[in-house]
Asks: 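Structure below; questions to follow.
Letters A, B, ... mirror the listed sequences (proteins, then strands); counts begin at 1.
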2 protein chains.
Amino acid sequence: MTSDKTIGRLSLYRRMLNGLMAEGVANTFSHQLANLAGVTPAQVRRDLMAIGYSGTTKRGYEVPELVDSIGQFLDVPQGQGVALVGVGNLGRAILSYFAGRRPNLSITAAFDNDPYKINRVLHGCHCYGLEDIPRVVKELDIRVAVITVPAAGARQVADMLVAAGVRGILNFAPIRLRVPPHTYVEDIDMTMSLEKVAFFARKGSASLHKDFQA
Amino acid sequence: MTSDKTIGRLSLYRRMLNGLMAEGVANTFSHQLANLAGVTPAQVRRDLMAIGYSGTTKRGYEVPELVDSIGQFLDVPQGQGVALVGVGNLGRAILSYFAGRRPNLSITAAFDNDPYKINRVLHGCHCYGLEDIPRVVKELDIRVAVITVPAAGARQVADMLVAAGVRGILNFAPIRLRVPPHTYVEDIDMTMSLEKVAFFARKGSASLHKDFQA
DNA sequence: TAGATTGTTAATCGATTAACAATC
DNA sequence: TAGATTGTTAATCGATTAACAATC
């Protein structure tokens, strides 16, 4: 019963811990990790408790062990393939963004309906036609997809992906996808986000970011 | 005391209403709008109540009037300028994404430290050097910025923007910015989002998207 | 009127925070 | 031990939902 938000924070914690490891830090305390991730120490402890990792009162949390524990909890056992549909400006930017970033979670197939893009390799990723979605998704056993097509085509693409076996979608199209139960959709709505920022920039709301501890 | 989430939903409602207007629909009911936006009818009514727009029991909400009301609530009186810092793959994709989309909220200045990009025009937007941030932000009276630089440079960029007068930041860098109070930061963390999707795709969580009403 | 809808309050739900005993 | 930290429960907080009177 791990919540959506908990999973997001675990992803953050791991990133911070990787940063600490790179600096050669061997152990950390909940308040240090909390400060890096921007949450409360109690939150950190609750989240780590949820994945069954225990610290000690002396040293807190062992950084390499904790990274490992989070990985065991979050990651697919063997590297998960990801599909990206819609190789426009945004799609290409995302291909490049994820290229070689997380070997465990890399985009392994791209799809577009532009004949000039089909059968080319972009950022190390082969581009197929949309009609190849059923075949390629099944062949590569892809369960996760990113949708970066315009709103008008997003629903049809989502239907094809789900029919081919995709169970999680990161959706950049500004439209609500209709998916069957047990299919997870995460929306990134850049227009909505920018409008929110503009609103609060004008209204002077309190910061979303809590103040840091000195 | 309008919450973060309410503002986001208002942005969604407006988009749905614009779609309805394009179809020539003159009035709508809370349950119809709720179905389009993926929230409950009660939620829609509460949100619209918050901006002071009233429907009638006979016709529900007048679409054009409501679009206007939301605009008056959300939008800056005269078009707000937006700065974008970091004209890499992602930055260029976002420039293109917002180019001409919302005339009321368009990116009016881009910044990068690459000499090959400086003084060029990309997607209709002039690119300046990072050192021009203080001057240009003040000259154009920019209050909103998008950060698409790598994590290593994001904090420094945010500090420059805030010092120059920016009060809202849409941050794509995977790092927590440290901003003074009354500065609003909205993070879009694509790596975290994709990890969440991969997790729930594997674990088979219930869909984030509630089932639609038939 | 009857029926559907709105505006608004009360109840519910879930997540976060605060508090504190247990531990080293 | 004393002091700082962890694990865990209880209290709090805020947002969402349910319920219902008022309205046309």
Asks: Round to a whole Å and report the spacing from CG of Leu48(A) to P of dT5(D).
Replies: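 Nearest whole value for this atom pair: 15 Å.
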Asks: Measure the distance from CZ on Arg46(B) to P on dT6(C) and round it to the nearest whole Å.
Replies: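 In whole Å, dT6(C) P and Arg46(B) CZ are 15 Å from each other.
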Asks: Of all the choices, dC24(D), dG7(D), dT16(D), which nucleotide is nearest to the side chain of Lys5(B) once you look at every atom?
Replies: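 The nucleotide sitting nearest to the side chain is dT16(D).
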Asks: For the pair made of CG in Asp47(A) and P in dT16(C), what is the distance, rounded to whole Å?
Replies: 8 Å
Asks: So, are Arg45(B) and Asp47(B) salt-bridged, with charged N and O less than 4.0 Å apart?
Replies: no
Asks: Would you say a side-chain N or O of Thr56(A) is under 4.0 Å from OP1 or OP2 of dT5(D)?
Replies: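 It does not, given that no N or O in the side chain of Thr56(A) lies less than 4.0 Å from OP1 or OP2 of dT5(D).
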Asks: Looking only at side-chain N and O atoms, does Ser3(B) come under 4.0 Å of OP1 or OP2 in dG14(D)?
Replies: no
Asks: So, Asp112(A) versus Tyr128(A): side-chain donor-acceptor pair below 3.5 Å or not?
Replies: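 Checked: Asp112(A)/Tyr128(A) side chains show no N/O donor-acceptor pair below 3.5 Å.
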Asks: Establish, with yes or no, whether the OP1 or OP2 oxygen of dG7(C) is under 4.0 angstrom from a side-chain nitrogen or oxygen of Arg45(B).
Replies: no
Asks: For the pair made of CD1 in Ile7(A) and P in dA15(C), what is the distance, rounded to whole Å?
Replies: 12 Å
Asks: Round to the nearest Å and state the distance from Asp4(B) atom CG to dT16(C) atom P.
Replies: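 Going from CG in Asp4(B) over to P in dT16(C) covers 14 Å.
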Asks: Kindly state whether the ring of Tyr53(A) and the ring of Phe73(A) have centres lying under 6.0 angstrom apart.
Replies: no
Asks: Counting runs of three or more consecutive pairs, Watson-Crick or G-U wobble, with each distance below 3.5 Å, where are the stems of DNA chain C?
Replies: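 The stems are C:3-24 with D:3-24.
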Asks: Would you call Asp189(B) and Arg15(A) a salt bridge, taking side-chain N to carboxylate O under 4.0 Å as the test?
Replies: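 Answer for the salt bridge query: yes.
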Asks: Begin with the C-alpha distance, continue with both residues' side-chain angles, and end with the deciding distance and a verdict on salt bridge (charged side-chain N to carboxylate O under 4.0 Å, His left out) for Arg14(A) and Asp75(A).
Replies: CA-CA 11 Å; Arg14(A) 170 157 67 179; Asp75(A) 292 338; 2.7 Å; yes
Asks: Using a heavy-atom cut-off of under 4.0 Å over every strand shown, decide if Arg59(B) touches base, sugar-phosphate, or nothing.
Replies: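 No contact.
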Asks: Measuring to OP1 and OP2 of dT16(D), would you say a side-chain N or O of Arg9(B) lies under 4.0 angstrom away?
Replies: yes
Asks: Think Tyr61(A) has a side-chain N or O under 4.0 angstrom from the OP1 or OP2 of dG7(D)?
Replies: yes
Asks: So do the side chains of Cys125(B) and Leu95(B) get within less than 4.5 Å of each other, counting heavy atoms only?
Replies: yes
Asks: Both Ala42(B) and Phe29(B) contact DNA chain C. Taking the nearest nucleotide for each, which residue is further toward the 5' end?
Replies: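 With Ala42(B) and Phe29(B) compared, the 5'-side residue is Phe29(B).
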Asks: Does Arg143(B) reach the main-chain N or O of Val166(B) with its side chain, forming a donor-acceptor pair under 3.5 Å?
Replies: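 Flag not set: sc Arg143(B) to bb Val166(B) has no pair under 3.5 Å.
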Asks: Taking CG from Asn35(B) and P from dT5(C), how many angstroms apart are they, rounded to a whole number?
Replies: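 Going from Asn35(B) (CG) to dT5(C) (P), I get 13 Å.
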Asks: Under the side chain to side chain contact (heavy atoms under 4.5 Å, CB included) rule, collect the residues that match up with Met190(A), sequence neighbours excluded.
Replies: Leu90(A), Ile188(A), Ile94(B), Tyr97(B), Phe98(B), Phe172(B), Ile188(B)
Asks: From the options dT23(D), dT8(D), dT8(C), select the nucleotide whose nearest atom is closest to the side chain of Met49(B).
Replies: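 Closest of the options to the side chain of Met49(B): dT8(C).
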Asks: Among the nucleotides dC24(D), dT17(C), dT5(D), which one has an atom lying closest to any side-chain atom of Lys58(B)?
Replies: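 Closest nucleotide to the Lys58(B) side chain: dC24(D).
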Asks: Rounded to whole angstroms, how far apart are CD on Glu62(B) and P on dT5(C)?
Replies: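 The distance from CD of Glu62(B) to P of dT5(C) comes to 15 Å, rounded to the nearest Å.
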Asks: Just compare dT6(D), dA19(D), dT16(D) and give me whichever is closest to any side-chain atom of Ser30(A).
Replies: dT6(D)
Asks: Can you tell me the distance, in whole Å, between the CD1 atom of Ile51(A) and the P atom of dG7(D)?
Replies: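 Distance, rounded to whole Å: 11 Å.
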Asks: Out of dT16(D), dC24(C), dT6(C), which nucleotide sits closest to the side chain of Thr57(A)?
Replies: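 For the Thr57(A) side chain, the nearest candidate turns out to be dC24(C).
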Asks: Should Thr40(A) be listed as having a side-chain N or O under 4.0 Å from OP1 or OP2 of dT17(C)?
Replies: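 Yes, Thr40(A) has a side-chain N/O under 4.0 Å of OP1/OP2 on dT17(C).
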